[in-house]
Amino acid sequence: ARHTDENGVVVIGLGRFGYHLAGSLVQLGHEVLALDRNAERVQRWSGALDRVVQADSTEEAALRQLGVADFPRVVVAIGASVEASVLTVLALTELGVPQIWARATSEKHAKILSSVGAHHVIFPEAETGERVAHLIVSKMLDFI
Ligand code: ATP
């Protein structure tokens, strides 16, 4: 049976990007299940987010046990470890998660993520850099 909350989101990897993403989704009124393998990070964010659990997301069985397969969408916010991010997307594909979002740190990383089944690939650093450049330029024009 599918998860009851069609707006639920699983966020995997609570670095700066993952934490802010999870917090924003909660503020927008969505149920968030946050997951990180690092006990310290889980501890740090357990007060701010409603459901934070410690698990290694490359383990398909662990994801299944946590009910990740019942969520309509999952975001893989792991950045630095290409191996962990790719193996996590692979596990999510095996579980049949309908919408898999994954963070890439390079074009090659993005290609691998797509080939193992990611539906959406995002580049937070590149996208933020571009957005801030446009913001700076638009503010320049304000002063002309
Ligand atoms: P950011 O740039 O968002 O701050 P970061 O550079 O701190 O990220 P990353 O390596 O991108 O760190 O990892 C983000 C988070 O993902 C970390 O908290 C890390 O513990 C977690 N993580 C990495 N591998 C796994 C895994 N296999 N299972 C669960 N969580 C993982």
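First listed ligand is number 1; within each ligand, the first listed atom is number 1. Because only heavy atoms are used, hydrogens play no part in the values below, and waters and symmetry mates are left out as well, while side chains stay in.
Scanning I78, L35, D36 for the heavy atom closest to atom 19 (C) of ligand 1 points to D36.
With hydrogens left out, the protein atom closest to atom 6 (O) of ligand 1 is R16 NH2, 4.2 Å, a heavy atom. R37 N, 3.1 Å is the protein heavy atom nearest to atom 30 (N) of ligand 1. Atom 17 (C) of ligand 1 has as its closest protein heavy atom R41 NH1, 3.1 Å. What sits closest to atom 11 (O) of ligand 1 on the protein, heavy atoms only, is G79 N, 2.6 Å. In terms of protein heavy-atom proximity, atom 2 (O) of ligand 1 is closest to R103 NH2, 3.0 Å. At the shortest separation from atom 27 (N) of ligand 1 among protein heavy atoms lies D56 OD1, 2.9 Å. In terms of protein heavy-atom proximity, atom 26 (C) of ligand 1 is nearest to S57 OG, 3.5 Å. The protein heavy-atom contact nearest to atom 14 (C) of ligand 1 is G15 N, 3.8 Å.
Close approach of ligand 1 to T58 is summarised as follows: ligand atoms under 4.0 Å from at least one heavy atom of the residue are 27 (N). Remark: ligand 1 atoms within the under-4.0 Å shell around heavy atoms of F17 are 3 (O). For ligand 1, the atoms sitting less than 4.0 Å from at least one non-hydrogen atom of G13 are 15 (C), 16 (O), 21 (C), numbered in the order shown with element in parentheses. Every atom of ligand 1 with a heavy atom of N38 under 4.0 Å away is listed here by number and element: 20 (O). Ligand 1 places these atoms under 4.0 Å from at least one heavy atom of A55: 28 (N), 29 (C). Listed by atom number, the atoms of ligand 1 under 4.0 Å from L14 heavy atoms are 15 (C), 18 (O).
Counting heavy atoms from C-beta on, the side chains of S57 and I78 come closer than 4.5 Å. Inter-residue side-chain proximity for I136 and V132 is flagged as met; some heavy-atom pair is nearer than 4.5 Å. Contact check for E107 versus F123: side-chain heavy atoms found under the 4.5 Å cut-off. Counting heavy atoms from C-beta on, the side chains of V76 and R103 never come closer than 4.5 Å.
Residue A84 has no nitrogen or oxygen atom sitting less than 3.5 Å from a nitrogen or oxygen atom of ligand 1, judged on distance alone. Ligand 1 has an N or O atom lying under 3.5 Å from an N or O atom of A80, backbone or side chain.
A donor-acceptor pair under 3.5 Å links the side-chain atoms of H30 to the main chain of N7, judged by distance alone. Between the side chain of T128 and the backbone N or O of E125, no donor-acceptor pair lies under 3.5 Å.
When hydrophobic side chains of Ile, Leu, Val, Met, Phe, Trp and Tyr are connected at separations under 4.5 Å, L21 ends up clustered with V9, V11, L14, F17, Y19, L25, V26, V32, V42, W45, L49, V52, V75, W101, I122.
By the neighbour-count criterion of 12 heavy atoms within 6.0 Å, atom CD of Q99 is densely surrounded, having more than that number from other residues, nucleotides or ligands.
Salt-bridge annotation for E59 and R37: absent, with no side-chain N of the basic residue lying under 4.0 Å from a carboxylate O of the acidic one.
With rounding to the nearest 0.5 Å, the separation of CG in D50 from CD in E31 is 7.5 Å. Rounded to the nearest 0.5 angstrom, H120 NE2 and R73 CZ are separated by 9.0 Å.
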